[in-house]
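Only one structure is covered here, and it is reproduced in the block below.
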Protein chains: 2
Amino acid sequence: MPTPSRRRHDRPDEPDTTTQRRRATIHDVADHAGVSIGTVSRALNDRRGVHPDTRRRVLASAAALAYDPDKAARELSNRRAVDIALSVAHGYRRLTPFFGLFLQHLAERLATEGLQVREVASGSDGLPVRDADAFVLLDAHPDDPRIEHLTRLGRAFVLVGHAQDVRCVAADDEAGGRIAAEHLLRLGHVDTVHLTADLHAQAFADRAHGFASAFDAAGAGQVTTIVADDASTLGGYRAMRAHLERGARPGAVFAATDELAIGCLTAAADLGLRVPSDLSVVGFDDLPEIGARLTTVRQDIDLLARETVTLLHEALAGAAVRAVRLPVTLVSRGTTAERRTR
Amino acid sequence: MPTPSRRRHDRPDEPDTTTQRRRATIHDVADHAGVSIGTVSRALNDRRGVHPDTRRRVLASAAALAYDPDKAARELSNRRAVDIALSVAHGYRRLTPFFGLFLQHLAERLATEGLQVREVASGSDGLPVRDADAFVLLDAHPDDPRIEHLTRLGRAFVLVGHAQDVRCVAADDEAGGRIAAEHLLRLGHVDTVHLTADLHAQAFADRAHGFASAFDAAGAGQVTTIVADDASTLGGYRAMRAHLERGARPGAVFAATDELAIGCLTAAADLGLRVPSDLSVVGFDDLPEIGARLTTVRQDIDLLARETVTLLHEALAGAAVRAVRLPVTLVSRGTTAERRTR
DNA sequence: GCATGCTGCGTAAGCGCTTTCATAAAGGTA
DNA sequence: TACCTTTATGAAAGCGCTTACGCAGCATGC
């Protein structure tokens with residue numbers, strides 16, 4: 001039987017005038033389940049050497065107490081001496097919603113196991129301005145100088161975005177393009193626009209390819225690709241507006257990004273087009289709050305972060321290089337409709 | 001003399017085949033300075049009871065070893081049982097660069113002392129959907145329902161943004177508007193536009209008021225206020241473009257936000273206007289990467305976060321309510337020039 | 001029958017830090 | 001000189017967690 005130990009917070013006679021909730025700790029769970037904290041930890045972390053019955057009991061106690069392991073303690077305890085850097089390419093727009101979300105999820109996932117990311121920018125030579133034990137490379141293109149540099153340095157790294165012969169993880173951008181195309185084809189669209197930005201970025205190139213080739217394969221209609229200056233709402237607006245002002249009247253547009261899609265929506269509205277009756281639009285990413293009413297290709301950012309962490313471990317362990325592609329799904333909301341046969 | 005203790009990482013005979021740097025800990029600093037870890041901690045945290053000479057020595061050692069206190073350890077050790085929530089108003093654009101930056105700084109400052117923020121949204125009734133011990137209210141307007149609600153609940157809260165009779169902290173928005181005006185007046189401008197969004201938001205109202213009243217006071221020229229749908233680059237673009245297309249040719253514009261300013265810049269460029277020779281523009285915020293080349297009114301986001309933390313402590317301690325206004329400065333870059341007298 | 005291995009679990013050390021407590025030295029007063 | 005403060009410092013406990021270690025208890029082997 002474990003000995004209940006006296007600890008700092010155990011002050012039964014404390015006045016407790018305030019309405020202050022105290023979070024349950026591992027000790028509370030241990031007491032509740034009648035085991036030691038070691039066993040609780042093992043049970044919760046799926047370590048071997050715990051009797052199935054005990055494990056069940058612990059999990060029940062944890063649930064009953066709404067136990068939520070303390071991040072800082074776990075991090076401190078788990079600490080591996082690994083310095084992880086998130087490297088962004090020179091000139092990359094760090095303040096992008098996608099970037100913020102990804103960084104948030106990545107940091108959270110890593111914190112769980114005692115790891116920590118720091119952001120590091122790239123210098124004018126394209127190389128990270130600071131060294132680290134492992135790198136997460138964002139927004140890389142196939143001939144990114146960072147890849148060779150880190151390889152030569154013998155640093156572990158994983159690339160977020162699709163690439164060849166490199167450890168990388170990305171949403172299945174090509175499939176995303178394809179399912180967007182299929183959705184639009186199913187609605188009978190034949191005259192479509194692909195609104196994108198910087199086809200030099202692998203993700204955008206893949207989306208474009210997936211979309212165009214699905215249309216080609218169907219042998220139905222044409223797709224015009226228009227390239228915005230910038231993958232922002234403003235970039236999408238200007239590109240789309242210019243296109244529409246040139247007299248083009250596509251039935252649907254597939255935007256490479258939710259932000260581009262929003263720009264497109266706004267341009268359409270400004271020019272008196274109704275969405276979705278005059279124009280269908282589908283985005284990509286499914287960013288919360290940005291694309292709330294948008295039909296879009298959803299990618300799971302948290303899954304992306306989780307897979308990044310897995311690959312990071314493999315890299316650190318010296319495992320074989322592999323590329324992982326994450327599934328995407330189409331979420332159909334209010335901005336697409338059947339082609340209007342006028 | 002402190003006894004050098006044997007610790008987990010002390011393995012002098014470890015092969016160290018990898019090029020792995022280990023971060024300096026408080027023990028390293030203590031050894032280097034020839035004192036105990038307690039003294040190091042006291043010296044570094046400005047606690048009393050440390051001899052000035054000792055303090056100097058410790059600081060020197062810390063600097064020499066590039067000591068960077070571990071977040072998790074500090075958080076774990078400092079832990080106060082306070083649950084802090086960052087509340088955003090319903091419908092607020094959370095993914096805004098300013099929001100991201102503020103949250104980042106706030107979290108960092110709080111982590112330093114073992115506190116943690118969690119974000120909480122507001123429901124359709126405008127009230128936070130989750131309770132907490134203390135709240136940071138973002139984007140509040142004077143008659144925000146959250147204020148009364150939290151007061152009634154007896155919760156500590158601080159409002160980020162100017163308000164009356166409430167504990168709040170904000171940049172000196174009115175002064176910001178004024179110095180923007182003074183800058184433009186100094187350059188001889190008389191026909192100006194104030195590009196803003198949602199004057200219901202106190203910050204925007206104050207900036208507008210500061211700007212307009214400085215112009216009035218100088219008795220020079222006129223200011224036309226135009227309100228964008230949205231404080232985004234796209235919002236700024238559309239509002240400005242519409243204004244220019246109506247034939248207006250102001251000499252200068254003061255945008256309530258860097259993002260609005262960027263939109264304004266783009267609109268000007270699209271309509272063939274040169275900045276700054278045809279049009280001067282000054283922004284507000286000085287967001288990194290967004291406003292790199294922009295003449296703008298700079299507010300110190302980290303200071304804002306620090307003051308928020310101070311007020312949070314005051315609120316928790318039940319101190320008297322006070323409002324703090326933070327100074328802003330004009331940083332002059334390439335988007336403003338003397339009025340062209342054609 | 002006893003050495004051997006396995007399994008399940010409690011114990012305790014340790015992650016890097018802050019802070020309380022004890023102690024020693026220095027200063028003040030009578 | 002004896003006594004009380006005050007100040008500077010080291011020792012150690014504790015934050016919540018993971019995990020190495022060791023000890024039972026039980027099954028297996030010959």
Side-chain angles (χ1 to χ4, degrees), chain A residues 1-11 22-31 33-58 62 65 67-82 111-116, chain B residues 1-11 22-31 33-58 62 67-81 111-116:
Chain A
M1 210 56 194
T3 346
S5 56
R6 188 92 298 188
R7 285 162 50 254
R8 197 139 84 184
H9 276 311
D10 293 352
R11 302 244 185 76
R22 189 172 73 72
R23 288 174 60 182
T25 73
I26 199 172
H27 288 92
D28 301 323
V29 178
D31 290 354
V35 296
S36 76
I37 61 165
T39 300
V40 173
S41 177
R42 278 184 291 258
L44 260 32
N45 292 293
D46 275 327
R47 294 279 171 282
R48 38 193 291 321
V50 180
H51 191 96
D53 290 350
T54 312
R55 186 186 302 274
R56 253 190 298 283
R57 206 144 37 87
V58 168
L65 299 176
Y67 172 63
D68 175 32
D70 185 87
K71 287 274 185 47
R74 184 170 264 190
E75 181 177 345
L76 184 57
S77 180
N78 264 337
R79 177 93 13 127
R80 324 242 189 294
V82 187
T112 297
E113 29 186 309
L115 265 20
Q116 209 173 350
Chain B
M1 208 58 191
T3 343
S5 55
R6 187 90 302 189
R7 283 163 52 253
R8 196 139 85 184
H9 278 311
D10 293 352
R11 302 247 185 77
R22 190 171 72 72
R23 288 176 61 182
T25 75
I26 199 172
H27 287 93
D28 301 323
V29 178
D31 290 354
V35 296
S36 74
I37 61 165
T39 301
V40 173
S41 177
R42 279 184 290 259
L44 261 30
N45 292 294
D46 276 327
R47 296 278 171 282
R48 40 192 291 312
V50 180
H51 192 97
D53 290 350
T54 311
R55 186 185 301 274
R56 253 190 298 282
R57 208 146 34 87
V58 169
Y67 172 64
D68 175 32
D70 184 88
K71 288 277 186 46
R74 185 170 262 191
E75 182 178 342
L76 184 58
S77 179
N78 264 337
R79 174 91 18 124
R80 321 242 189 297
T112 297
E113 29 185 310
L115 265 22
Q116 207 173 351

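By convention in this document, chain letters (A, B, ...) are assigned in the order of the sequence lines, proteins followed by strands, and residues within each chain are numbered from 1. Please read all numbers here as calculations on a predicted model, not as lab measurements.
Nearest to the side chain of B:N45, among D:dT7, D:dC17, C:dT18, sits C:dT18. Comparing D:dG10, D:dT18, C:dT18 against the side chain of A:I37 picks out D:dT18 as the nearest. Ranking D:dT9, D:dG16, D:dT19 by closeness to the A:S41 side chain, first place goes to D:dT19. Closest contact between the side chain of A:T25 and the listed nucleotides C:dG10, D:dC15, D:dC17 involves D:dC17. Here the side chain of B:R48 is nearest to one of C:dG10, D:dT7, C:dC9, namely D:dT7. Nearest nucleotide to the A:R74 side chain, out of D:dC17, C:dG16, C:dG8: D:dC17.
Regarding A:R57, its CZ atom lies at a distance of 11 Å from the C1' atom of C:dC9, rounded to whole Å. Counting to the nearest Å, the P atom of C:dC17 and the NZ atom of A:K71 are 20 Å from each other. Remark: P of D:dG14 and CG of A:D70 are 18 Å apart, rounded to the nearest angstrom. The separation between A:L76 atom CG and D:dC15 atom C1' is 9 Å, rounded to whole Å. Going from atom CG of B:L44 over to atom C1' of C:dT19 covers 15 Å, rounded to whole Å. Following rounding to the nearest Å, B:D46 (CG) and C:dT19 (C1') show an atom-to-atom distance of 16 Å. Counting to the nearest Å, the P atom of D:dA8 and the NE2 atom of B:H51 are 7 Å from each other. Atom pair B:H27:NE2 and C:dC17:P shows a separation of 8 Å (rounding to whole Å applied).
Considering only side-chain N and O atoms, A:T39 lies nowhere under 4.0 angstrom from the phosphate OP1 or OP2 of C:dC9. Regarding contacts with the backbone of D:dC17, every side-chain N or O of A:S77 stays at 4.0 angstrom or more from both OP1 and OP2. The side chain of A:T54 contributes an N or O atom lying less than 4.0 Å from OP1 or OP2 of C:dC9.
Under a 3.5 Å cut-off, the side chain of A:D28 and the backbone N or O of A:T25 do form a donor-acceptor pair. Within the 3.5 Å criterion, the main-chain N or O of B:R47 finds no donor-acceptor partner in the side chain of B:R42.
For A:R55 against C:dG8, no side-chain N or O and base N or O form a donor-acceptor pair under 3.5 Å. Residue-to-nucleotide contacts include no donor-acceptor pair under 3.5 Å from the side chain of B:R47 to the base of C:dT20. A donor and an acceptor atom sit less than 3.5 Å apart, one in the side chain of A:R42 and one in the base of C:dG10.
Of all heavy-atom pairs between A:V58 and A:A43, the closest is CG1-CB, 3.8 Å.
Atom OG of B:S77 and atom CG of A:L76 lie 9.5 Å apart (nearest 0.5 Å).
A side-chain contact (heavy atoms from CB on, under 4.5 Å) with B:R57 is found for exactly one of B:V35, B:T39, B:V40, namely B:V35.
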